[in-house]
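Encoded as structure tokens, the structure appears first; notes follow it.
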Amino acid sequence: MQKFVINKFDSNQSLFKYIKKVLKNAPLSFVYRIFRKKDCKVNGKRESDKYILHENDEVLLYITDEQYKEFTEEKALSANDQISQYIIYEDENILVVNKPRGMLVQGDGSRDVSLDVLVNEYLLYKGKIGNFLSAPCHRIDRNTSGIVVFAKSIEVTQEMTKLIKEHKDLNKTYLTLVKGETKEKGEISAPLIKNEKLNKVFVGKVEEGAKESKTLYERMYTNGEVSLLKVRLLTGRSHQIRVHMAYINNPVVGDQKYGDFSFNKEFESRYGFKNQFLHASELTFKNLQGSLKYLSGKSIVAPLPEDEEKILRSIEGE
């Protein structure tokens, strides 16, 4: 049996997320089994994996010492600067990466973890900082390129994660190419709900479990056939931009889940591009407080991938 007392930095997260973090080398199947077999208690009671932890909660984990050692033992990391080609900003608290399209931010335990996982490359680049294993503050889809922020301490992780989640003192901007001609400016307000089995998001009703979702967009260019948009999220739901753009009949070009498949094939044959055209392009910090106050007023920009930049030049030259 293993015993843990929750501190203020580990509070306000789900029990599942905490156990997954503690047993960092364990496959997801093992973590799921812990809850399926009810091998975890909080303050003497068996709680579900969705239980939200509080400071001073006592967590008991019924696994052997051998299992605990296996799933927490530090892996040997050799020096590697593979990620340095993607770094666009770094200071003592954060590191910002322009993630290439096709790279996972973090492994999900369902596949062999290799160097096409951004977290692995970061760990190889920086390794362990103090007693904290550096972590991404958010994720973007594997097939979306652009900005991902890493924090170098627990405090900064919580602070940055809160900023990104609340969308108040930080603007997160995307560039996307969509089918058709949009309005010059618009706001899309459509509640979203995720079907976990299908791994797909749908527009739904709040009373049926959908969450309020808002997206702002501004048209940068159009030729009638496609439009280049600057998009800002007011909420941060899974697949939000892709679902909202499909909802107004201007799906993201190349989107294989929510897009116009016949249009995508035509676009691919013309430009040789079969990926979703979506890029997390800019972070702008507003009036911050705390340890990140020095970032107030700063903008960090991630350039578009070369192939997308080339396509835009081609379209605008037609």
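Bear in mind that the values here come from a model prediction, so they are computed numbers and not experimental data.
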[X] to [Y] - nearest heavy-atom pair and separation:
{"X": "K99", "Y": "G102", "result": "NZ-N, 4.3 Å"}
{"X": "V59", "Y": "L53", "result": "CG2-CD2, 4.0 Å"}
{"X": "V96", "Y": "I300", "result": "CG2-CD1, 3.8 Å"}
{"X": "N143", "Y": "Q276", "result": "O-CG, 3.2 Å"}
{"X": "G146", "Y": "N98", "result": "CA-OD1, 3.3 Å"}
{"X": "S48", "Y": "L15", "result": "O-CD2, 3.7 Å"}

Give the ring-plane orientation class for [X] versus [Y], where under 30° counts as parallel, over 60° as perpendicular and anything between as tilted.
{"X": "F4", "Y": "Y68", "answer": "tilted"}
{"X": "F273", "Y": "F267", "answer": "perpendicular"}
{"X": "F35", "Y": "F16", "answer": "tilted"}

Side-chain contact, heavy-atom cut-off 4.5 Å: [X] with [Y]?
{"X": "L278", "Y": "R242", "value": "yes"}
{"X": "L170", "Y": "M160", "value": "yes"}
{"X": "E70", "Y": "N25", "value": "no"}
{"X": "V148", "Y": "Y86", "value": "no"}
{"X": "I248", "Y": "Y217", "value": "yes"}
{"X": "L304", "Y": "L312", "value": "yes"}
{"X": "D91", "Y": "Y294", "value": "yes"}
{"X": "L95", "Y": "I87", "value": "yes"}

Establish whether [X] and [Y] are linked, either directly or via other cluster members, by ILVMFWY side-chain heavy-atom contacts under 4.5 Å.
{"X": "Y32", "Y": "V22", "value": "yes"}
{"X": "I88", "Y": "L295", "value": "yes"}
{"X": "F71", "Y": "Y18", "value": "yes"}
{"X": "M220", "Y": "V253", "value": "yes"}
{"X": "F30", "Y": "Y62", "value": "no"}

Is a donor on one side and an acceptor on the other found under 3.5 Å between the side chain of [X] and the backbone of [Y]?
{"X": "N223", "Y": "V226", "result": "yes"}
{"X": "S11", "Y": "K8", "result": "yes"}
{"X": "E308", "Y": "P305", "result": "no"}
{"X": "K230", "Y": "L175", "result": "no"}
{"X": "H54", "Y": "I52", "result": "yes"}
{"X": "S227", "Y": "G180", "result": "yes"}
{"X": "T176", "Y": "F277", "result": "yes"}
{"X": "S281", "Y": "T173", "result": "yes"}
{"X": "Y258", "Y": "M245", "result": "no"}
{"X": "S213", "Y": "K211", "result": "yes"}

Let's go through R313 and E309 carefully: what are the C-alpha distance in whole Å and the side-chain angles of both, what is the deciding distance for side chain to side chain contact (heavy atoms under 4.5 Å, CB included) to 0.1 Å, and is it a yes or a no? CA-CA 6 Å; R313 288 197 299 268; E309 192 72 62; 3.3 Å; yes

Going by atom types only, do S291 and E159 share a side-chain donor-acceptor pair under 3.5 Å?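 Checked: S291/E159 side chains pair up, N/O donor to acceptor below 3.5 Å.
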
Decide whether D65 and Q2 meet the rule of one side-chain donor and one side-chain acceptor closer than 3.5 Å.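 Yes, because at least one side-chain N or O of D65 sits under 3.5 Å from a partner of the opposite role on Q2.
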
Distance check, rounded to the nearest 0.5 Å: [X] atom [atom1] versus [Y] atom [atom2]?
{"X": "I311", "Y": "L228", "atom1": "CD1", "atom2": "CG", "value": "11.5 Å"}
{"X": "K298", "Y": "L292", "atom1": "NZ", "atom2": "CG", "value": "12.5 Å"}
{"X": "S14", "Y": "Y51", "atom1": "OG", "atom2": "OH", "value": "12.0 Å"}
{"X": "K21", "Y": "K24", "atom1": "NZ", "atom2": "NZ", "value": "11.0 Å"}
{"X": "L28", "Y": "R33", "atom1": "CG", "atom2": "CZ", "value": "13.0 Å"}
{"X": "E225", "Y": "K179", "atom1": "CD", "atom2": "NZ", "value": "9.5 Å"}

Determine whether more than 12 heavy atoms belonging to other residues, nucleotides or ligands lie under 6.0 Å from atom [atom1] of [X].
{"X": "E268", "atom1": "CD", "result": "yes"}
{"X": "K165", "atom1": "NZ", "result": "no"}
{"X": "K257", "atom1": "NZ", "result": "yes"}
{"X": "K265", "atom1": "NZ", "result": "no"}

Taking the basic N atoms (NZ, or NE/NH1/NH2) and the acidic carboxylate oxygens, is any pair closer than 4.0 Å for E181 and R219?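 Between R219 and E181 there is a salt bridge, with a charged N closer than 4.0 Å to a carboxylate O.
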
If a pair satisfies salt bridge (Lys or Arg N to Asp or Glu O under 4.0 Å) and one of its residues is in residues 42-64, list it, with sequence neighbours excluded.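 Residue pairs passing salt bridge (Lys or Arg N to Asp or Glu O under 4.0 Å), neighbours aside: K3-E58.
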
Any salt bridge (Lys or Arg N to Asp or Glu O under 4.0 Å) involving residues 191-207? Give me the pairs, sequence neighbours left out, ordered by first then second residue.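 Checked against salt bridge (Lys or Arg N to Asp or Glu O under 4.0 Å) - neighbours excluded - no pair reaches residues 191-207.
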
Determine the sole option in L192, V206, L234 for which the side-chain contact (heavy atoms from CB on, under 4.5 Å) test with E212 is passed.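 Among L192, V206, L234, the one meeting side-chain contact (heavy atoms from CB on, under 4.5 Å) with E212 is V206.
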
Name of the residue among H167, H244, K214 meeting side-chain contact (heavy atoms from CB on, under 4.5 Å) with L233: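 Among H167, H244, K214, the one meeting side-chain contact (heavy atoms from CB on, under 4.5 Å) with L233 is H167.
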
Walk me through whether E90 and K152 qualify under salt bridge (Lys or Arg N to Asp or Glu O under 4.0 Å). CA-CA 10 Å; E90 183 175 12; K152 298 182 180 180; 2.9 Å; yes

Start with the C-alpha distance between V203 and V243, add both sets of side-chain angles, then the distance that settles side chain to side chain contact (heavy atoms under 4.5 Å, CB included), and finish with yes or no. CA-CA 8 Å; V203 173; V243 179; 4.1 Å; yes

Could you please spell out the steps behind the side chain to side chain contact (heavy atoms under 4.5 Å, CB included) verdict for I315 and L177? CA-CA 11 Å; I315 290 173; L177 192 69; 4.0 Å; yes

Would you please name every residue forming a ring-ring contact (aromatic ring centres under 6.0 Å, His included) with Y89, sequence neighbours left out?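 Here no residue qualifies.
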
